[in-house]
Amino acid sequence: MDPPTPLEQERRAKAARLRDAGGEPYPWSFPDRVLTDAVRAAGAGLAPGSEDPSRSFRVAGRLRSVREHGKTAFADLEDGAGVLQLLLRSDLLGEAGYRDGLAGLDPGDIVGAEGLASLSRRGEPSLAVRSLTLLAKAISPPPDKYHGVQDPEAKVRRRYLELLASPESRRRVRVRALLLAEIRRFLDDAGFVEVETPVLLPVAGGAAAAPFVTRSNYLDGELQLRIALELPLKRLIVGGLERVYELGKAFRNEDLDSTHSPEFTELEAYWAYADYHDMRGLAERLFARLADRTAEWLPDAPEAARGVALFRPPYRTVDFVEELERLGGISDVLGKSRDELRELAHRAGSTVPPGSSTGTFLDKLFEKYVEPTFDRLTFVVDHPEATTPLAKRHRTKPGRVERFEVFVPGYELGNAYTELNDPDEQERRFRAQLGERADDRYAYDEEFVRALRFGLPPTTGIGLGVDRIVMALTGAASIKEVLWFPLVRPAAGTGRPSPVEPR
RNA sequence: GGGCCCGUAGCUUAGCCCGGUAGAGCAGGCGGCUCUUAACCGCAAGAUCAGGGGUUCGAAUCCCCUCGGGCCCGCCA
């Protein structure tokens, strides 16, 4: 711990004085509390400078600021409903109670107050306080009352400070929770069953990403943290659950930037006896619903209004191959060899390692030529087969798979397929990916292929980045704004990860 | 992994270019004030200028290293 600052020593001394006087700076409860909006409402109709003696209110919250005027003081108390002015008067509290009470309080303290609804002479709804109780002494002072937390490091490292200083930040937490609840309600209503599948796996599959590796004492061996939810969910479809979804964390051992976090929240849904056209319809209905809800929750946030507009139809559709050929000036994309694609990617200014797979070069070319042109929510459809080993071959377009990706300007939101359900083909695709070059990290999950041999019905599936959906809808500039505790290096003195041998 | 930028009191910051012993507001202390709401007025206090090294008569300021952070690029489709 840091050594106490003089300010902290002063605040500790106030708590000690209260104890010496027989008080308790950290009492156990404050019963019969109402939210401050009840007092505001009761005070608003009164004549200025008067109070309503017919009913007493008890409120509790954090003390924001205190304005002293000799024998009168005003304090702002903030709770979940907002800010209420406390009117502290020597004649109501008693001279000693007024003096000692004020002397013991600091901004940031959690206090309870009992009193009458009133309207100040200047017309501010207030609580005319008859008794004031310290509920938790704040030893460290709160952030600057006007500027809040400015230091970007403090914002992510000590998020609680930003939250307590900023009602907008607290509102973002609530909107994220509402969006998650709305997603669940939407899928539940559509007949999907929410499931939880393992985070710890012998081999993390279902996407191309570096896993986090850990160790099981029980198994005396290595385990990996999941990088996607896909493979266990499809096993559940094999098991006869026809519509399943999971909303949970996935982990990728990669860098953090404005759209990537090593741990992030993913939604995956699998739907038997339906194809990717059906899934697109479901996704569009979900997007439209989330846009409507966000507009209700954030009615006057301009950045959210832009996000909401993105999620409202009509949406744009782009054919992966046609658009790449058109914008990249490339003919016969599907007929190109890996070497030719590598050359094209190189010329496009992409620095992918030369040993990458055909699919990686195609993705890079698409990323260079097509993605920057997205100006609204866009569905990219019918990718070349080489880009994914888990999607089913397109029923009419040779060399393609039945797949769509969803983009907003700047980043991808998700990915869906008509799922590959031919076990022998699945095995070939895994092997082809593994064999093509070592950079491809699609793990070959034998157990998954074995499950497919028992029969996976025709199925469609989707994976959506929930953090990114929240970002896009609320107009956040960085994923850190929708993750309350993004990954940071441990602060000095809190212990550091032990150095490990690179794998 | 590469590039650019940032780190001054608990908080928000001035000073850095052009070297001369750090200035303010908030918060806190003491005093004053019964209607303020970024309250106000007065007094006093609070800073090894992220850490280390170098250049210099003299370093917050110039140079190097380390730590932490931000942004961009690469990687994670």
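So that the names make sense, note that chain A is the first sequence line, chain B the second, and so on, each numbered from 1.
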Only one of A/Arg62, A/Arg64, A/Arg67 clears salt bridge (Lys or Arg N to Asp or Glu O under 4.0 Å) with A/Asp76; which? A/Arg67
Measure centre to centre between the rings of [X] and [Y], then say whether the value is under 6.0 Å.
X: A/Phe379; Y: A/Phe404; value: yes
X: A/Phe320; Y: A/Phe366; value: yes
X: A/His69; Y: A/Phe74; value: yes

Atom-pair distance ([atom1] on [X]; [atom2] on [N]), nearest Å:
X: A/Leu77; N: B/U37; atom1: CG; atom2: P; answer: 19 Å
X: A/Glu412; N: B/C76; atom1: CD; atom2: C1'; answer: 11 Å
X: A/Arg64; N: B/C11; atom1: CZ; atom2: C1'; answer: 14 Å
X: A/Gln85; N: B/A39; atom1: CD; atom2: P; answer: 11 Å
X: A/Arg252; N: B/C76; atom1: CZ; atom2: P; answer: 11 Å
X: A/Phe74; N: B/A38; atom1: CZ; atom2: P; answer: 13 Å
X: A/Arg99; N: B/C33; atom1: CZ; atom2: C1'; answer: 16 Å
X: A/Leu256; N: B/G1; atom1: CG; atom2: P; answer: 15 Å

Ion pair check, A/Lys14 and A/Asp109, cut-off under 4.0 Å: no
Could you tell me how far [M] sits from [N] if I compare only their [atom1] atoms? Round to whole Å.
N: B/C4; M: B/C76; atom1: C1'; result: 23 Å
N: B/U21; M: B/A59; atom1: C1'; result: 10 Å
N: B/A9; M: B/A45; atom1: C1'; result: 11 Å
N: B/C11; M: B/A27; atom1: C1'; result: 7 Å
N: B/C16; M: B/C62; atom1: P; result: 10 Å
N: B/U8; M: B/A50; atom1: C1'; result: 10 Å
N: B/U66; M: B/G20; atom1: P; result: 28 Å
N: B/C43; M: B/U48; atom1: C1'; result: 28 Å

Roughly how far, to the nearest 0.5 Å, is OG1 of A/Thr259 from NZ of A/Lys480?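 Between A/Lys480 NZ and A/Thr259 OG1, I get 12.0 Å after rounding to 0.5 Å.
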Measure the CZ-OG1 distance between A/Arg393 and A/Thr418 for me, rounded to the nearest 0.5 Å. 11.5 Å
Under-4.0 Å side-chain N/O to phosphate OP1/OP2 contact, A/Lys364 with B/C76: yes
Phosphate oxygens OP1/OP2 of B/C73: is one of them under 4.0 Å from a side-chain N or O of A/Lys368? no
Every protein N/O within reach of nucleotides 22-32 of chain B N/O, cut-off under 3.5 Å:
from	atom 1	to	atom 2	distance (Å)
B/G25	N2	A/Asp144	OD2	3.3
B/C26	O3'	A/Lys145	NZ	3.4
B/A27	OP1	A/Lys145	NZ	2.7
B/G29	OP1	A/Lys14	NZ	2.7

Please determine, for [N], whether a Watson-Crick or G-U wobble partner exists with both distances under 3.5 Å, and give it or none.
N: B/G42; result: B/C30
N: B/G1; result: B/C73
N: B/G20; result: B/C57

Of A/Arg89 and A/Asp76, whose nearest nucleotide on RNA chain B comes first from the 5' end?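 Between the two, 5'-proximity favours A/Arg89.
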Judged by each residue's nearest nucleotide on RNA chain B, which is more toward the 5′ side, A/Val149 or A/Thr72? A/Val149
From the options A/Glu405, A/Arg280, A/Glu402, A/His394, select the one residue that forms a side chain to side chain contact (heavy atoms under 4.5 Å, CB included) with A/Val381. A/Arg280
Counting the atoms with a prime plus P, OP1 and OP2 as sugar-phosphate, which does A/Glu124 contact under 4.0 Å by heavy atoms, base, sugar-phosphate, or nothing?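 It contacts base atoms.
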Out of B/C35, B/A39, B/C76, whichever nucleotide has its closest atom nearest the side chain of A/Ser120: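 Output: B/C35.
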Selection from B/C35, B/C76, B/G70 that lies nearest to any side-chain heavy atom of A/Lys480: B/G70
Side chain A/His260 and base B/C76 donor-acceptor under 3.5 Å: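 Checked by distance alone, the answer is yes.
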Are side-chain heavy atoms of A/Leu420 and A/Arg429 found at a separation under 4.5 Å?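 Side-chain contact under 4.5 Å: yes.
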